[in-house]
Enquirer: 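Pasting in a structure now, in structure tokens, and then I'll have a few things to ask.
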Number of protein chains: 2
Amino acid sequence: MTSLMETTFGEYIRLLRNEHELTLTQLAAKLNLDSANLSKIENGKRDFDEKRLPKLAKIFNLNLTELRNEYLTDQIGKQIYETNCTKQLLQVAEEKAEYRRLKNIKTA
Amino acid sequence: MTSLMETTFGEYIRLLRNEHELTLTQLAAKLNLDSANLSKIENGKRDFDEKRLPKLAKIFNLNLTELRNEYLTDQIGKQIYETNCTKQLLQVAEEKAEYRRLKNIKTA
DNA sequence: ATAAGACTTGTCATTTTTTGACAAATTTAT
DNA sequence: ATAAATTTGTCAAAAAATGACAAGTCTTAT
């Protein structure tokens with residue numbers, strides 16, 4: 001796996017956009033959304049809608065799976081940040097995830 | 001800190017309820033919710049509303065902070081599970097959380 | 001067998017949250 | 001100063017979460 005970004009997902013989009021010298025308006029059009037909202041996304045004031053990941057990957061010719069990982073880690077990182085979840089608690093959360101895995105494979 | 005549960009939050013509530021020999025109806029009443037919905041919560045089909053944590057703590061005479069941690073780790077664990085987030089990706093998510101911390105302390 | 005209590009499931013209206021869209025700033029580059 | 005780019009505020013629409021109730025199953029006592 002390619003090493004993932006140490007940025008927010010919004011910053012990552014901005015990075016890509018700048019690399020490709022697109023304006024907000026131009027990229028927003030390609031993504032089928034409003035430039036004002038894309039601005040908010042890049043500035044972390046709104047979330048990028050997961051449904052648009054395939055489109056985003058196509059526009060910048062990125063591997064969708066890796067992009068999804070970028071997105072996923074951003075989302076979870078955000079939650080960790082917002083809830084002030086410590087490493088110790090995160091460890092517990094991981095164990096609980098594992099518990100769900102065991103349980104649900106049996107159950108389903 | 002007391003060691004946290006390796007159960008879902010719903011299962012934990014059920015555990016507490018059974019220990020105290022309360023019916024769904026009885027506990028639901030104390031929590032100001034419908035017994036049918038409490039059943040769903042215990043069975044993981046709905047989320048417990050965070051707003052009720054203080055009430056829940058009071059009913060069972062629990063430390064609110066610890067209960068919150070129980071809740072928090074359940075929530076994040078659930079997200080880890082649902083998104084199939086691997087340990088490796090979780091590590092990245094943690095770094096991103098750290099990045100947000102640094103950034104937002106500066107920014108705010 | 002059946003009646004009662006405990007629990008579960010399905011559905012739907014209400015509430016809350018998220019999203020899309022537009023107008024009006026503000027900033028940046030020329 | 002102008003024009004383009006970006007940001008911010010607001011609000012209606014869409015989507016998701018919640019509350020409530022009805023109807024179902026399952027168990028247990030009689």
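A note on names: the letters A, B, ... follow the listed sequences, proteins ahead of strands, and every chain is numbered from 1.
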Enquirer: Counting N and O atoms only, with roles assigned by atom type, does the side chain of A:Arg52 sit under 3.5 Å from a partner on the main chain of A:Leu31, one being a donor and the other an acceptor?
Expert: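 Checking the backbone N and O of A:Leu31 against the side chain of A:Arg52, a donor-acceptor pair under 3.5 Å is found.
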Enquirer: Please check if A:Tyr99 and B:Tyr71 belong to a single hydrophobic cluster, counting links between Ile, Leu, Val, Met, Phe, Trp and Tyr side chain heavy atoms closer than 4.5 Å.
Expert: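 Different clusters: A:Tyr99 never reaches B:Tyr71 through Ile, Leu, Val, Met, Phe, Trp or Tyr contacts under 4.5 Å.
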Enquirer: Does any part of the side chain of A:Lys96, heavy atoms only, come nearer than 4.5 Å to the side chain of B:Glu70, both counted from C-beta?
Expert: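 Yes, at least one pair of side-chain atoms sits under 4.5 Å.
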Enquirer: Is there a side-chain contact between B:Arg17 and the phosphate of C:dA6, meaning an N or O under 4.0 Å from OP1 or OP2?
Expert: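 Result: no.
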Enquirer: Measuring to OP1 and OP2 of C:dG20, would you say a side-chain N or O of A:Arg52 lies under 4.0 angstrom away?
Expert: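 Checking A:Arg52 against C:dG20: at least one side-chain N or O falls below 4.0 Å of OP1 or OP2.
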Enquirer: Just how far, in rounded Å, is C1' of C:dT14 from CZ of B:Arg46?
Expert: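 Taking CZ of B:Arg46 and C1' of C:dT14, I get 12 Å after rounding.
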Enquirer: Are A:Ser39 and D:dT6 close enough that a side-chain N or O sits under 4.0 Å from OP1 or OP2?
Expert: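 No.
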Enquirer: If you count the non-hydrogen atoms of other residues, nucleotides and ligands that lie under 6.0 Å from CG in B:Asn61, is the total more than 12?
Expert: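 Atom CG in B:Asn61 is not crowded, with 12 or fewer foreign heavy atoms closer than 6.0 Å.
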Enquirer: Between the two ends of the helix from C:dA1-D:dT30 to C:dT30-D:dA1, what is the bend in degrees, rounded to 10 degrees, where each end axis spans five pairs?
Expert: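 What I find for the helix from C:dA1-D:dT30 to C:dT30-D:dA1 is an axis angle of 30°.
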Enquirer: Once you round it to whole Å, what is the distance between C1' of D:dG19 and CZ of B:Phe48?
Expert: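 B:Phe48 atom CZ is separated from D:dG19 atom C1' by 14 Å.
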Enquirer: Considering all heavy atoms of both residues, which atom of A:Thr73 and which atom of B:Leu89 are nearest to each other, and what is their separation?
Expert: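 Smallest heavy-atom distance, with atoms named: CG2-O, 3.3 Å.
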Enquirer: Roughly, in whole Å, what's the span from NZ in B:Lys78 to C1' in D:dA17?
Expert: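 Roughly 10 Å, once rounded to whole Å.
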Enquirer: Rounded to whole angstroms, how far apart are CD on B:Glu21 and P on C:dG5?
Expert: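 Taking CD of B:Glu21 and P of C:dG5, I get 18 Å after rounding.
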Enquirer: Output yes when at least one side-chain N/O atom of A:Lys40 is less than 4.0 Å from OP1 or OP2 of D:dT7, else no.
Expert: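 Answer is no, no contact under 4.0 Å.
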Enquirer: Is a side-chain N or O of A:Glu11 found less than 3.5 angstrom from the main chain of A:Thr8, in a donor-acceptor match?
Expert: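 Flag set: sc A:Glu11 to bb A:Thr8 pair under 3.5 Å.
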Enquirer: Please pick, from C:dC12, C:dC22, D:dT10, the nucleotide with the shortest atom-to-atom distance to any side-chain atom of A:Ala36.
Expert: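 Closest nucleotide among those given: C:dC22.
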Enquirer: Between B:Leu31 (CG) and D:dT18 (C1'), how many Å, whole number?
Expert: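 It is 15 Å, rounded to the nearest whole Å.
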Enquirer: Would you tell me if any nitrogen or oxygen in the side chain of B:Asn43 comes within less than 4.0 Å of OP1 or OP2 on C:dC7?
Expert: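 Checking C:dC7 against B:Asn43, no side-chain N or O comes under 4.0 Å of OP1 or OP2.
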Enquirer: Between atom CD in A:Glu11 and atom C1' in D:dT7, what is the gap in whole Å?
Expert: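 Taking CD of A:Glu11 and C1' of D:dT7, I get 16 Å after rounding.
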Enquirer: What is the distance, rounded to the nearest whole Å, between atom CD of A:Glu42 and atom P of D:dT7?
Expert: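 Taking atom P of D:dT7 as the reference, CD of A:Glu42 is at 7 Å.
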Enquirer: Counting only heavy atoms not in A:Glu21, do more than 12 fall under 6.0 Å of its CD?
Expert: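 Not more than 12 within 6.0 Å, no.
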Enquirer: Between the base of D:dA17 and the side chain of B:Asp49, is there a donor and acceptor pair under 3.5 angstrom?
Expert: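 No, no donor-acceptor pair under 3.5 Å.
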Enquirer: I want to confirm an ordering. Mapping B:Asp47 and B:Asp34 to their closest nucleotides on DNA chain D, which one lands closer to the 5' end?
Expert: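 Result of the comparison: B:Asp47.
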Enquirer: Considering just the side-chain nitrogens and oxygens of B:Lys45, establish if one lies under 4.0 Å of OP1 or OP2 belonging to C:dT8.
Expert: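 B:Lys45 to C:dT8 OP1/OP2: no side-chain N or O under 4.0 Å.
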Enquirer: What is the separation between atom CG on B:Leu24 and atom C1' on D:dA20, rounded to the nearest whole Å?
Expert: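 That distance rounds to 16 Å.
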